[in-house]
Amino acid sequence: MSFDLLSEPIRRYIRDKRWEELRPIQIAAISKILSTRDNYILASRTASGKTEAAFLPILSKVNFEDPGVQVLYISPLIALINDQFGRIEELCKYLDVTVTKWHGEANKSGKDRLIKQPNGIILITPESIEAMFVNKPHNVKHLFSNLKFVVIDEIHSFIGADRGVQLKSILSRLQDINTDLFTVVGLSATIGDYNEAKKFTGDELKTKVLLDRTAKEINAQFKFFIGEKDELPLELMKDLYLETKDSKALIFPNSRGRAEEVAVKLKKISERVKGHANYFSHHSSVDQEVREYVEYFAKNSVRQNFCISCTSTLELGIDIGSVDQVIQIDATHSIASLIQRVGRSGRKEGEKSNLFLYATDKWSLLQSLACWLLYKEGYIEPPLITDKPYDILLHQILSIVKGHSGIRIEQLVKELKRNFAFSKIETTECQAIVKHLIEIDFLEKLQNEVIIGVEGEWIVNSRDFYSVFKAEENFKVLNAGNKIGEIPISPQIREDENILLAAKIWKIKYVDYETKKIEVIKALDGKKPSFFGGGATIHPRIRTKMFEIIYSNETFEVLDKLGSEEMESMRKEFRIFDITDLSRDRPLLVTKTYLQLFTFTGTRINHTLGFLFDLAGIKSTLNDSHSSIDIEGPEVEFRASLKKLPETLKNIDQHIQELLISNPGVLGFSKWGAYLPVEHQVNLMKQKYFDLDGAREFVESRSLKNNC
């Protein structure tokens with residue numbers, strides 16, 4: 001029995017907690033982690049006890065009297081560290097084991113005590129480990145040379161992301177300085193590719209997946225309201241208020257601007273009808289103290305209902321207690337995101353999850369339905385994996401050189417080749433990037449060594465260096481000296497304009513561009529406020545599912561009456577096309593003034609097609625949210641140009657290079673890509689922005705069917 005395998009202090013903890021039984025993922029993890037030295041990926045639904053599944057056996061197995069930090073817990077979010085700290089600390093009290101938070105906002109005295117006497121468990125972000133490698137590499141060895149376990153929380157959030165490559169590199173570097181191999185345990189509720197999760201351990205063959213397939217029952221309901229303006233329809237807001245007023249609810253719009261709009265409007269409706277006042281917004285632009293208050297309020301509101309309008313900041317596992325409902329406004333950008341959000345409700349054992357999906361246009365309705373059906377089928381889109389992450393390699397080169405205060409080029413390249421994050425990058429490619437960094441003065445060559453160069457000093461000495469994702473240039477928003485939050489500057493942010501922030505409407509009185517501050521007062525003039533939003537990359541499978549729905553006769557019980565009518569109307573619109581083979585045929589609308597090609601494929605393929613059309617002299621406009629391309633000119637010319645596209649693909653590297661020269665901003669998705677040699681920039685574009693294989697297959701295999 002798994003319980004009997006645990007140490008007595010841990011068994012006492014379980015008894016004191018009055019747990020009636022262990023969860024399935026905990027039972028599996030305890031026996032495996034205690035009896036083997038394998039790495040493990042623990043995959044089970046939200047609130048299934050994954051944290052305890054990792055720590056119960058780890059705390060039973062590790063001898064914390066050994067010198068140095070024994071367990072490293074790595075989280076994608078500082079807020080998640082702060083949230084998990086209490087849980088892990090309470091568990092560790094039974095063993096008299098020290099738990100230390102280590103991030104930019106953590107108490108300095110705790111860090112100082114740990115450096116004097118390394119022990120116990122550290123909770124940390126990848127960026128904080130990076131900062132230690134760069135600025136105090138002696139502390140890295142001092143603290144982490146005797147690690148036994150590394151626990152990676154929400155591991156799915158790292159897969160396919162630049163931060164994931166950085167984390168792999170950091171783990172590889174930690175393994176290098178460790179006296180023995182440490183064990184990696186990854187935790188996640190949503191993994192689309194378990195093989196990619198295994199790569200974080202550095203040894204895929206010695207990594208096992210423990211998967212709890214227990215599903216939670218979900219009550220799902222779709223509601224459709226036609227939105228004709230920038231703002232959400234009033235009828236939608238009224239319905240949303242009625243659905244959430246007597247419950248604890250999380251609402252997920254797809255942008256911070258929408259999140260603010262929802263919070264403000266629901267609060268106004270509630271005030272008019274004398275409902276509760278607990279309406280909040282929660283996203284990265286809201287001040288940290290305000291966010292923490294919202295989290296605390298939600299977690300401790302046993303008797304009070306509340307409504308939090310949020311972005312992905314509450315998508316991951318921050319504990320805000322029991323939530324009755326999750327509401328998604330317009331389609332999620334991925335099935336993985338939908339799964340995470342659904343999992344926020346019905347966290348108590350035996351409870352169902354309640355999901356409402358509101359759509360404001362037909363394409364959003366169609367995409368929402370496609371994501372839901374794929375989720376029901378058990379499909380999660382695989383992550384976008386970059387085999388040769390040159391931009392993160394460049395960042396790690398600077399980190400290693402700075403941490404060593406100079407290093408022989410031969411040794412540097414050897415370290416890079418030993419690093420499992422860069423296993424697919426050739427030695428000659430590493431050498432070429434090092435040479436380029438010397439040429440642009442990021443590195444300086446002294447005989448056979450390199451040190452940080454003059455230009456490189458500006459980069460590595462910046463606090464922004466430790467992260468591999470682009471930080472927005474934010475302006476602090478202040479009211480009478482009190483910080484409300486931060487927002488990115490945009491043309492709409494100017495004096496006398498109204499903005500939404502922290503679930504309130506503010507009027508901008510003054511914008512100080514030098515100090516990056518915005519002074520505001522409460523807005524009382526009723527003027528329409530402005531905010532900001534963003535786009536997303538949609539996987540091809542979601543789009544093909546949308547296409548399948550349009551050309552099926554299936555009815556969907558989850559849709560309300562208006563949603564069903566809109567879906568049937570959309571099907572009628574597409575019946576004018578002679579589609580006989582869903583895998584091959586695609587609709588081409590021919591009018592007197594323009595053509596409209598409905599690609600029903602992923603964002604990256606659409607980007608590539610748009611680029612190829614431009615190279616072929618086809619005047620076109622991409623609307624990725626509709627997966628369509630508007631084309632100028634007669635159909636005959638367009639079809640003739642299409643036939644030439646495979647030839648254009650043969651010289652695509654040269655074309656991408658010319659694009660980068662004429663429009664360097666297109667590389668904006670990569671923080672470090674702009675510093676690469678141009679040929680590596682081209683490869684980065686091919687890996688992350690374009691999908692050449694997908695576009696080639698589309699051009700060569702798709703048959704475009706006219707409207708009859």
Side-chain angles (χ1 to χ4, degrees), residues 126 129-130 133-134 158-177 193 195-205 382-404 407-440 442-443 445 448 450 452 456 459-460 465-469 604 652-653 656-657 660 667 669-693:
I129 307 175
E130 187 75 71
F133 265 119
V134 171
F158 293 108
I159 299 173
D162 289 346
R163 282 184 93 198
V165 181
Q166 179 190 26
L167 177 55
K168 284 183 199 172
S169 176
I170 287 169
L171 291 171
S172 185
R173 292 165 72 182
L174 284 173
Q175 200 71 272
D176 269 357
I177 57 99
D193 190 330
N195 290 328
E196 286 302 324
K198 288 180 178 182
K199 290 178 182 176
F200 281 81
T201 68
D203 189 346
E204 295 168 66
L205 295 178
L384 173 62
I385 301 302
T386 305
D387 284 341
K388 295 190 173 186
Y390 300 116
D391 48 348
I392 312 304
L393 175 81
L394 181 147
H395 173 263
Q396 291 295 285
I397 288 171
L398 296 174
S399 173
I400 292 167
V401 174
K402 175 69 173 176
H404 280 75
I407 184 173
R408 289 173 61 88
I409 295 175
E410 185 182 352
Q411 184 188 341
L412 171 62
V413 173
K414 195 176 289 184
E415 280 195 32
L416 295 171
K417 282 304 298 171
R418 196 165 61 235
N419 192 312
F420 64 77
F422 310 118
S423 59
K424 298 286 180 68
I425 298 178
E426 303 296 334
T427 299
T428 52
E429 294 176 304
C430 294
Q431 292 167 335
I433 292 172
V434 170
K435 182 183 176 186
H436 179 73
L437 289 173
I438 294 169
E439 289 169 358
I440 63 173
F442 274 37
L443 296 178
K445 186 178 179 185
N448 293 323
V450 281
I452 298 296
I459 300 290
V460 298
F465 174 71
Y466 313 124
S467 66
V468 294
F469 54 87
R604 291 172 59 237
I652 198 66
D653 284 19
I656 295 174
Q657 187 169 327
L660 286 164
L667 202 61
F669 60 83
S670 170
K671 181 175 179 178
W672 302 100
Y675 306 121
L676 287 167
V678 67
E679 63 270 23
H680 294 89
Q681 291 183 11
V682 168
N683 279 318
L684 208 59
M685 288 287 292
K686 286 159 63 176
Q687 291 183 88
K688 292 188 176 183
Y689 186 78
F690 292 130
D691 182 347
L692 299 180
D693 290 338

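The first residue of the sequence shown is numbered 1, and numbering continues consecutively from there. Nothing here was measured: the structure is a model prediction, and the numbers come from that model.
Of all non-hydrogen atoms in Phe200 and Gly164, the two that sit nearest each other are CE2-O, 3.4 Å. Looking at every heavy atom in both residues, Pro389 comes nearest to Ala421 through CG-O, 4.1 Å. The minimum heavy-atom distance between Ile159 and Asp193, with the atom names listed, is CD1-O, 4.5 Å. Among all heavy-atom pairs drawn from Val413 and Cys430, the shortest one is CG1-CB, 4.3 Å.
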Show the numbers, then the answer: is there a side-chain contact (heavy atoms from CB on, under 4.5 Å) between Val460 and Ile452? CA-CA 8 Å; Val460 298; Ile452 298 296; 3.9 Å; yes
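Under the salt bridge (Lys or Arg N to Asp or Glu O under 4.0 Å) criterion, the residue pairs touching residues 417-427 are Asp176-Arg418, with sequence neighbours excluded. Residue pairs meeting the salt bridge (Lys or Arg N to Asp or Glu O under 4.0 Å) criterion with at least one partner in residues 386-396, sequence neighbours excluded, are Lys388-Glu429, Asp391-Lys688.
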Report all side-chain donor-acceptor pairs from residues 393-400 shorter than 3.5 Å, counting only partners two or more places apart or in another chain.
| residue | atom | partner | partner atom | Å |
| --- | --- | --- | --- | --- |
| His395 | NE2 | Phe465 | O | 2.7 |
| Gln396 | OE1 | Ser169 | OG | 2.6 |
| Gln396 | OE1 | Arg173 | NH1 | 2.8 |
| Gln396 | NE2 | Glu130 | OE1 | 2.7 |
| Ser399 | OG | Glu130 | OE2 | 2.5 |
| Ser399 | OG | Arg173 | NH1 | 3.2 |
| Ser399 | OG | Arg173 | NH2 | 3.3 |

Pairs of donor and acceptor atoms involving the side chains of residues 672-682, under 3.5 Å and at least two apart or interchain, shall be tabulated with distances.
| residue | atom | partner | partner atom | Å |
| --- | --- | --- | --- | --- |
| Gln681 | NE2 | Gly673 | O | 3.4 |
| Gln681 | NE2 | Ala674 | O | 3.2 |
| Gln681 | NE2 | Leu676 | O | 3.0 |

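Gln175 places no side-chain N or O within donor-acceptor distance of the main-chain N or O of Asn419, the cut-off being under 3.5 Å. One N or O on the side chain of Arg604 and one on the backbone of Phe690 form a donor-acceptor pair closer than 3.5 Å.
Side-chain atoms of Glu204 and Phe420, non-hydrogen and from C-beta on, never get closer than 4.5 Å to each other.
For the salt bridge (Lys or Arg N to Asp or Glu O under 4.0 Å) test, no residue two or more places apart in sequence or in another chain qualifies with Lys198. Asp693 is linked by a salt bridge (Lys or Arg N to Asp or Glu O under 4.0 Å) to Arg696, counting only residues two or more places apart in sequence or in another chain.
In this model, a donor atom of one side chain and an acceptor atom of the other lie less than 3.5 Å apart for Lys671 and Ser467.
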